[in-house]
There are 2 protein chains.
Amino acid sequence: MSTSQNAIDRFSRYHRQLADAQPAHCAVRDVLDRIGDKWSMLMVMELATRSQRFSELHRAIPDISKRMLTQTLRDLERDGLVTRHVFSTRPPTVEYRLAALGQSLLEPMAALIDWADRRYPEIHAARVRFDDAPGDVPR
Amino acid sequence: MSTSQNAIDRFSRYHRQLADAQPAHCAVRDVLDRIGDKWSMLMVMELATRSQRFSELHRAIPDISKRMLTQTLRDLERDGLVTRHVFSTRPPTVEYRLAALGQSLLEPMAALIDWADRRYPEIHAARVRFDDAPGDVPR
DNA sequence: CTGTATCCTGCGTGATACTG
DNA sequence: CAGTATCACGCAGGATACAG
(Lines give C-alpha, C1' and ligand atoms only; values in the text may rest on other atoms or scores of the structure.)
Protein backbone atom coordinates (compact mmCIF):
# COMPACT_ATOMS: atom_id res chain seq x y z
CA MET A 1 0.00 0.00 0.00
CA SER A 2 3.01 2.27 0.33
CA THR A 3 3.17 2.72 -3.41
CA SER A 4 -0.50 3.71 -3.55
CA GLN A 5 0.01 6.17 -0.75
CA ASN A 6 2.15 8.50 -2.83
CA ALA A 7 -0.46 8.64 -5.54
CA ILE A 8 -3.19 9.32 -3.04
CA ASP A 9 -1.18 12.09 -1.43
CA ARG A 10 -0.64 13.73 -4.76
CA PHE A 11 -4.35 13.70 -5.37
CA SER A 12 -5.05 15.19 -1.99
CA ARG A 13 -2.67 18.02 -2.65
CA TYR A 14 -4.29 18.58 -6.01
CA HIS A 15 -7.73 18.69 -4.47
CA ARG A 16 -6.63 21.08 -1.78
CA GLN A 17 -5.37 23.41 -4.48
CA LEU A 18 -8.70 23.19 -6.22
CA ALA A 19 -10.49 23.93 -2.96
CA ASP A 20 -8.45 27.10 -2.69
CA ALA A 21 -9.62 28.00 -6.18
CA GLN A 22 -6.14 27.74 -7.60
CA PRO A 23 -5.85 26.78 -11.26
CA ALA A 24 -4.00 23.58 -10.29
CA HIS A 25 -3.02 21.88 -13.46
CA CYS A 26 -2.64 18.24 -12.61
CA ALA A 27 -0.43 15.86 -14.56
CA VAL A 28 -2.52 12.94 -13.43
CA ARG A 29 -5.77 14.51 -14.61
CA ASP A 30 -4.10 15.15 -17.91
CA VAL A 31 -3.05 11.57 -18.37
CA LEU A 32 -6.35 10.22 -17.09
CA ASP A 33 -8.10 12.26 -19.75
CA ARG A 34 -6.06 10.55 -22.41
CA ILE A 35 -6.61 7.13 -20.92
CA GLY A 36 -10.23 8.01 -20.84
CA ASP A 37 -10.71 8.89 -24.45
CA LYS A 38 -12.39 6.26 -26.46
CA TRP A 39 -9.54 4.96 -28.60
CA SER A 40 -6.09 5.86 -27.27
CA MET A 41 -5.45 2.86 -25.09
CA LEU A 42 -6.95 0.49 -27.62
CA MET A 43 -4.52 1.89 -30.14
CA VAL A 44 -1.52 1.59 -27.85
CA MET A 45 -2.38 -2.02 -27.12
CA GLU A 46 -2.82 -2.74 -30.79
CA LEU A 47 0.53 -1.19 -31.65
CA ALA A 48 2.11 -3.13 -28.81
CA THR A 49 1.58 -6.27 -30.86
CA ARG A 50 3.51 -4.84 -33.76
CA SER A 51 4.03 -1.67 -35.78
CA GLN A 52 1.21 -1.16 -38.23
CA ARG A 53 0.07 0.98 -41.09
CA PHE A 54 -2.95 3.21 -41.19
CA SER A 55 -5.22 0.75 -42.94
CA GLU A 56 -3.95 -2.19 -40.91
CA LEU A 57 -4.96 -0.35 -37.78
CA HIS A 58 -8.31 0.41 -39.30
CA ARG A 59 -8.85 -3.25 -40.05
CA ALA A 60 -7.65 -4.25 -36.58
CA ILE A 61 -10.09 -1.86 -34.91
CA PRO A 62 -13.05 -1.94 -37.27
CA ASP A 63 -15.41 0.24 -35.27
CA ILE A 64 -13.33 3.39 -35.43
CA SER A 65 -13.92 6.03 -38.06
CA LYS A 66 -11.06 7.29 -40.20
CA ARG A 67 -11.57 10.66 -38.64
CA MET A 68 -10.99 9.34 -35.14
CA LEU A 69 -8.20 7.03 -36.25
CA THR A 70 -6.29 9.97 -37.67
CA GLN A 71 -6.97 12.18 -34.71
CA THR A 72 -6.06 9.58 -32.11
CA LEU A 73 -2.83 8.74 -33.86
CA ARG A 74 -2.00 12.42 -34.14
CA ASP A 75 -2.57 12.95 -30.44
CA LEU A 76 -0.48 9.94 -29.49
CA GLU A 77 2.27 11.18 -31.77
CA ARG A 78 2.06 14.61 -30.24
CA ASP A 79 2.45 13.13 -26.77
CA GLY A 80 5.46 11.12 -27.90
CA LEU A 81 3.83 7.75 -27.35
CA VAL A 82 3.82 6.82 -31.02
CA THR A 83 6.10 7.66 -33.92
CA ARG A 84 5.03 8.12 -37.52
CA HIS A 85 7.14 6.96 -40.43
CA VAL A 86 6.34 7.96 -44.00
CA PHE A 87 7.74 6.02 -46.94
CA SER A 88 7.72 7.80 -50.29
CA THR A 89 6.08 5.06 -52.29
CA ARG A 90 3.11 5.30 -54.62
CA PRO A 91 0.62 5.08 -53.11
CA PRO A 92 2.05 6.39 -49.84
CA THR A 93 2.91 4.09 -47.00
CA VAL A 94 2.79 5.26 -43.41
CA GLU A 95 3.81 3.13 -40.50
CA TYR A 96 3.04 3.81 -36.88
CA ARG A 97 5.29 2.48 -34.15
CA LEU A 98 5.08 2.52 -30.40
CA ALA A 99 7.79 4.84 -29.09
CA ALA A 100 9.80 4.02 -25.96
CA LEU A 101 7.48 6.24 -23.96
CA GLY A 102 4.52 4.27 -25.26
CA GLN A 103 6.24 1.00 -24.41
CA SER A 104 6.72 2.17 -20.86
CA LEU A 105 2.99 2.67 -20.54
CA LEU A 106 2.35 -0.98 -21.25
CA GLU A 107 3.24 -2.24 -17.80
CA PRO A 108 0.87 -0.06 -15.76
CA MET A 109 -1.82 -0.47 -18.41
CA ALA A 110 -1.50 -4.22 -18.24
CA ALA A 111 -1.82 -4.11 -14.48
CA LEU A 112 -5.08 -2.30 -14.86
CA ILE A 113 -6.34 -4.65 -17.53
CA ASP A 114 -5.47 -7.65 -15.42
CA TRP A 115 -7.42 -6.12 -12.59
CA ALA A 116 -10.38 -5.54 -14.88
CA ASP A 117 -10.24 -9.07 -16.16
CA ARG A 118 -9.89 -10.71 -12.77
CA ARG A 119 -12.45 -8.57 -11.01
CA TYR A 120 -15.05 -8.42 -13.73
CA PRO A 121 -17.10 -11.31 -12.34
CA GLU A 122 -17.37 -9.50 -9.01
CA ILE A 123 -18.32 -6.24 -10.68
CA HIS A 124 -20.91 -7.94 -12.81
CA ALA A 125 -22.36 -9.73 -9.78
CA ALA A 126 -22.53 -6.45 -7.89
CA ARG A 127 -24.41 -4.85 -10.75
CA VAL A 128 -26.98 -7.61 -10.93
CA ARG A 129 -27.42 -7.43 -7.18
CA PHE A 130 -27.85 -3.65 -7.30
CA ASP A 131 -30.30 -3.71 -10.18
CA ASP A 132 -32.39 -6.44 -8.61
CA ALA A 133 -32.42 -4.70 -5.26
CA PRO A 134 -35.85 -3.93 -3.78
CA GLY A 135 -36.80 -0.27 -3.84
CA ASP A 136 -35.03 0.02 -7.09
CA VAL A 137 -36.15 3.36 -8.38
CA PRO A 138 -37.41 5.02 -5.21
CA ARG A 139 -34.56 6.28 -3.11
CA MET B 1 6.90 -7.90 -20.30
CA SER B 2 5.31 -11.29 -19.76
CA THR B 3 2.58 -9.77 -17.68
CA SER B 4 1.74 -7.24 -20.38
CA GLN B 5 1.61 -9.99 -22.94
CA ASN B 6 -1.51 -11.55 -21.50
CA ALA B 7 -3.33 -8.26 -21.60
CA ILE B 8 -2.25 -7.64 -25.16
CA ASP B 9 -3.39 -11.08 -26.22
CA ARG B 10 -6.77 -10.50 -24.71
CA PHE B 11 -7.09 -7.30 -26.68
CA SER B 12 -6.11 -9.04 -29.87
CA ARG B 13 -8.77 -11.65 -29.36
CA TYR B 14 -11.27 -8.92 -28.66
CA HIS B 15 -10.36 -7.07 -31.83
CA ARG B 16 -10.54 -10.20 -33.90
CA GLN B 17 -14.06 -10.76 -32.65
CA LEU B 18 -14.95 -7.21 -33.59
CA ALA B 19 -13.47 -7.71 -37.03
CA ASP B 20 -15.79 -10.67 -37.46
CA ALA B 21 -18.66 -8.37 -36.55
CA GLN B 22 -19.39 -10.27 -33.38
CA PRO B 23 -20.95 -8.30 -30.55
CA ALA B 24 -17.86 -8.97 -28.41
CA HIS B 25 -18.55 -7.51 -25.04
CA CYS B 26 -15.18 -6.78 -23.52
CA ALA B 27 -14.60 -6.55 -19.77
CA VAL B 28 -11.60 -4.34 -20.36
CA ARG B 29 -13.54 -1.88 -22.50
CA ASP B 30 -16.11 -1.77 -19.78
CA VAL B 31 -13.62 -0.91 -17.09
CA LEU B 32 -11.75 1.54 -19.31
CA ASP B 33 -15.00 3.40 -19.84
CA ARG B 34 -15.37 3.82 -16.12
CA ILE B 35 -11.76 4.92 -15.71
CA GLY B 36 -12.45 7.32 -18.51
CA ASP B 37 -15.39 9.10 -17.00
CA LYS B 38 -14.55 12.41 -15.50
CA TRP B 39 -14.96 11.71 -11.79
CA SER B 40 -14.87 8.03 -10.86
CA MET B 41 -11.16 7.64 -10.25
CA LEU B 42 -10.93 10.98 -8.50
CA MET B 43 -13.65 9.76 -6.18
CA VAL B 44 -12.01 6.42 -5.50
CA MET B 45 -8.75 8.15 -4.66
CA GLU B 46 -10.53 10.58 -2.39
CA LEU B 47 -12.32 7.78 -0.56
CA ALA B 48 -9.04 5.92 -0.29
CA THR B 49 -7.91 8.56 2.18
CA ARG B 50 -10.90 7.94 4.41
CA SER B 51 -14.63 7.27 4.35
CA GLN B 52 -16.55 10.46 3.79
CA ARG B 53 -19.99 11.93 3.72
CA PHE B 54 -21.72 13.46 0.75
CA SER B 55 -20.92 17.03 1.59
CA GLU B 56 -17.38 16.20 2.68
CA LEU B 57 -16.79 14.72 -0.74
CA HIS B 58 -18.28 17.79 -2.32
CA ARG B 59 -15.92 20.00 -0.37
CA ALA B 60 -12.99 17.75 -1.18
CA ILE B 61 -13.71 17.91 -4.91
CA PRO B 62 -15.10 21.40 -5.32
CA ASP B 63 -15.49 21.40 -9.08
CA ILE B 64 -18.04 18.62 -9.26
CA SER B 65 -21.75 19.37 -9.38
CA LYS B 66 -24.11 17.68 -6.93
CA ARG B 67 -25.71 15.99 -9.88
CA MET B 68 -22.47 14.35 -10.97
CA LEU B 69 -21.45 13.61 -7.41
CA THR B 70 -24.65 11.68 -6.86
CA GLN B 71 -24.44 9.90 -10.17
CA THR B 72 -20.81 8.92 -9.83
CA LEU B 73 -21.34 7.59 -6.32
CA ARG B 74 -24.38 5.65 -7.49
CA ASP B 75 -22.39 4.06 -10.33
CA LEU B 76 -19.51 3.17 -8.07
CA GLU B 77 -21.95 1.66 -5.59
CA ARG B 78 -23.61 -0.30 -8.38
CA ASP B 79 -20.26 -1.72 -9.43
CA GLY B 80 -19.49 -2.73 -5.86
CA LEU B 81 -16.51 -0.40 -5.52
CA VAL B 82 -18.14 1.76 -2.89
CA THR B 83 -20.68 1.10 -0.15
CA ARG B 84 -23.30 3.52 1.09
CA HIS B 85 -24.29 3.73 4.74
CA VAL B 86 -27.32 5.70 5.85
CA PHE B 87 -27.74 6.80 9.45
CA SER B 88 -31.23 7.77 10.54
CA THR B 89 -30.38 11.08 12.11
CA ARG B 90 -31.97 14.43 11.50
CA PRO B 91 -30.84 15.75 9.17
CA PRO B 92 -29.78 12.51 7.47
CA THR B 93 -26.19 11.36 7.46
CA VAL B 94 -24.82 9.25 4.64
CA GLU B 95 -21.33 7.87 4.60
CA TYR B 96 -19.54 6.43 1.62
CA ARG B 97 -16.81 3.85 2.08
CA LEU B 98 -14.44 2.19 -0.30
CA ALA B 99 -15.42 -1.47 -0.55
CA ALA B 100 -12.84 -4.23 -0.74
CA LEU B 101 -13.25 -4.29 -4.49
CA GLY B 102 -12.52 -0.60 -4.60
CA GLN B 103 -9.48 -1.05 -2.38
CA SER B 104 -8.14 -3.64 -4.79
CA LEU B 105 -8.28 -1.09 -7.58
CA LEU B 106 -5.90 1.20 -5.72
CA GLU B 107 -2.75 -0.70 -6.57
CA PRO B 108 -3.12 -0.76 -10.37
CA MET B 109 -4.45 2.80 -10.32
CA ALA B 110 -1.45 3.96 -8.34
CA ALA B 111 0.86 2.29 -10.84
CA LEU B 112 -0.76 4.30 -13.61
CA ILE B 113 -0.62 7.53 -11.65
CA ASP B 114 3.03 6.98 -10.85
CA TRP B 115 3.66 6.47 -14.54
CA ALA B 116 1.80 9.68 -15.34
CA ASP B 117 3.72 11.60 -12.74
CA ARG B 118 7.13 10.29 -13.71
CA ARG B 119 6.64 10.56 -17.45
CA TYR B 120 4.84 13.85 -17.58
CA PRO B 121 7.98 15.87 -18.27
CA GLU B 122 8.70 13.70 -21.31
CA ILE B 123 5.14 13.99 -22.54
CA HIS B 124 5.15 17.73 -22.09
CA ALA B 125 8.46 18.03 -23.92
CA ALA B 126 7.12 15.92 -26.77
CA ARG B 127 4.11 18.19 -27.07
CA VAL B 128 6.19 21.33 -27.22
CA ARG B 129 8.41 19.73 -29.82
CA PHE B 130 5.42 18.64 -31.88
CA ASP B 131 3.69 21.99 -31.71
CA ASP B 132 6.84 23.87 -32.62
CA ALA B 133 7.60 21.55 -35.51
CA PRO B 134 8.00 23.19 -38.92
CA GLY B 135 5.18 22.57 -41.34
CA ASP B 136 2.86 22.66 -38.42
CA VAL B 137 -0.54 22.80 -40.00
CA PRO B 138 0.20 21.48 -43.49
CA ARG B 139 0.57 17.76 -43.52
C1' DC C 1 -3.46 4.36 -49.52
C1' DT C 2 -3.65 7.99 -46.29
C1' DG C 3 -5.64 11.16 -45.12
C1' DT C 4 -8.91 16.23 -44.90
C1' DA C 5 -13.17 18.93 -44.89
C1' DT C 6 -17.92 19.46 -43.57
C1' DC C 7 -21.88 18.64 -41.58
C1' DC C 8 -24.63 16.67 -37.96
C1' DT C 9 -26.16 14.23 -33.78
C1' DG C 10 -26.22 12.37 -29.01
C1' DC C 11 -24.64 12.22 -24.68
C1' DG C 12 -22.11 13.69 -20.82
C1' DT C 13 -22.05 17.45 -18.00
C1' DG C 14 -23.25 21.90 -15.77
C1' DA C 15 -26.65 25.28 -13.70
C1' DT C 16 -30.46 26.09 -11.23
C1' DA C 17 -34.37 25.32 -8.50
C1' DC C 18 -36.91 22.32 -5.55
C1' DT C 19 -37.73 18.46 -1.60
C1' DG C 20 -37.89 15.24 2.62
C1' DC D 1 -27.90 17.41 4.94
C1' DA D 2 -28.50 14.66 0.98
C1' DG D 3 -30.29 14.39 -2.58
C1' DT D 4 -34.04 14.95 -7.35
C1' DA D 5 -35.98 17.23 -11.33
C1' DT D 6 -35.43 20.01 -15.43
C1' DC D 7 -33.45 22.48 -18.73
C1' DA D 8 -29.78 23.76 -21.59
C1' DC D 9 -25.41 23.22 -24.07
C1' DG D 10 -20.82 22.06 -25.88
C1' DC D 11 -18.17 19.04 -28.02
C1' DA D 12 -16.53 14.27 -28.74
C1' DG D 13 -17.44 11.43 -32.18
C1' DG D 14 -19.91 9.41 -36.56
C1' DA D 15 -21.15 9.74 -41.68
C1' DT D 16 -20.08 11.13 -45.91
C1' DA D 17 -17.71 13.17 -49.63
C1' DC D 18 -13.52 14.75 -51.47
C1' DA D 19 -8.12 14.97 -52.36
C1' DG D 20 -3.00 14.18 -53.17
Side-chain angles (χ1 to χ4, degrees), chain A residues 18 21 29-30 32-43 46-47 51-79 82-97 130 133 135-139, chain B residues 18 21 29-30 32-43 46-47 51-79 82-97 130 133 135-139:
Chain A
L18 270 187
R29 211 71 169 75
D30 215 61
L32 241 39
D33 281 352
R34 173 143 318 283
I35 307 277
D37 80 27
K38 204 172 174 183
W39 303 110
S40 290
M41 290 308 104
L42 243 42
M43 206 78 92
E46 190 55 44
L47 286 174
S51 299
Q52 290 183 63
R53 300 171 51 182
F54 188 86
S55 46
E56 288 180 303
L57 283 169
H58 205 178
R59 272 189 297 273
I61 311 177
D63 57 340
I64 190 176
S65 64
K66 279 196 295 187
R67 186 187 189 288
M68 279 300 105
L69 183 54
T70 305
Q71 185 173 308
T72 305
L73 285 169
R74 198 76 78 236
D75 288 344
L76 291 174
E77 188 195 357
R78 187 170 108 96
D79 286 357
V82 159
T83 55
R84 183 175 179 269
H85 305 269
V86 185
F87 301 97
S88 311
T89 55
R90 281 301 318 261
T93 301
V94 180
E95 187 174 278
Y96 292 91
R97 298 175 194 160
F130 188 88
D136 204 343
V137 171
R139 196 77 193 190
Chain B
L18 268 188
R29 210 73 167 75
D30 215 62
L32 242 39
D33 281 354
R34 175 144 315 284
I35 306 276
D37 79 28
K38 203 172 174 185
W39 305 108
S40 290
M41 290 308 103
L42 242 42
M43 206 78 90
E46 190 55 44
L47 286 174
S51 300
Q52 288 181 65
R53 300 171 52 181
F54 187 86
S55 45
E56 287 180 306
L57 284 169
H58 204 177
R59 273 189 294 274
I61 311 177
D63 57 341
I64 189 176
S65 65
K66 280 196 294 188
R67 187 186 187 289
M68 279 300 105
L69 182 54
T70 304
Q71 185 173 307
T72 305
L73 285 169
R74 197 76 79 236
D75 288 344
L76 290 173
E77 187 194 359
R78 188 171 108 96
D79 286 359
V82 159
T83 55
R84 182 174 180 271
H85 305 268
V86 185
F87 301 97
S88 313
T89 55
R90 283 298 320 261
T93 301
V94 180
E95 188 174 277
Y96 292 92
R97 299 175 192 159
F130 187 88
D136 204 343
V137 171
R139 197 78 192 190

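In what follows, chains are A, B, ... by sequence order, proteins preceding strands, each numbered from 1.
Expressed to the nearest 0.5 Å, how far CH2 of W39(A) lies from CG of L69(A) amounts to 9.5 Å. Note that the NZ atom of K38(A) and the CG atom of D63(A) stand 7.0 Å from one another [nearest 0.5 Å]. With rounding to the nearest 0.5 Å, the separation of CD1 in I35(A) from CD1 in I35(B) is 8.5 Å. Here the CD-OG distance, from E46(A) to S51(A), works out to 11.5 Å after rounding to the nearest 0.5 Å.
Side-chain proximity of T70(B) to dA2(D), dT2(C), dT4(D): nearest is dT4(D).
Residue T89(B) is out of contact with every strand shown, counting any heavy-atom pair closer than 4.0 Å.
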side-chain contact (heavy atoms from CB on, under 4.5 Å) between D79(A) and F130(B): does it pass, once the steps are laid out? CA-CA 8 Å; D79(A) 286 357; F130(B) 187 88; over 6 Å; no

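Summary of helix geometry: the two end axes of the helix from dC1(C)-dG20(D) to dG20(C)-dC1(D), each defined by five base pairs via their C1' atoms, are inclined to each other by 50° (rounded to 10°).
Between S55(A) and dC1(C) there is a side-chain polar atom (N or O) within less than 4.0 angstrom of OP1 or OP2. OP1 or OP2 of dT4(C) sits under 4.0 Å from a side-chain N or O of R74(A).
Take R67(B) and apply the salt bridge (Lys or Arg N to Asp or Glu O under 4.0 Å) test, not counting sequence neighbours, and it matches no residue. For E95(A), the side chain to side chain donor-acceptor pair (under 3.5 Å) partners at least two apart in sequence or on another chain are R97(A). Every residue meeting the salt bridge (Lys or Arg N to Asp or Glu O under 4.0 Å) condition with D37(A), not counting sequence neighbours, appears here in chain and number order: R34(A).
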At under 4.0 Å between heavy atoms, how does the protein contact nucleotides 15-20 of chain C? Give one character per nucleotide, 5' to 3', with B, S or -. B----B

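Residues from residues 33-41 of chain A placing a heavy atom under 4.0 Å of any atom in DNA chain D, listed by number, are K38(A), W39(A).
What you find for L47(A) and L57(A) is that their closest heavy atoms are CD2-CD2, 3.9 Å.
When side chains are defined from C-beta on, L73(B) does not count as touching R84(B), because their heavy atoms never get closer than 4.5 Å.
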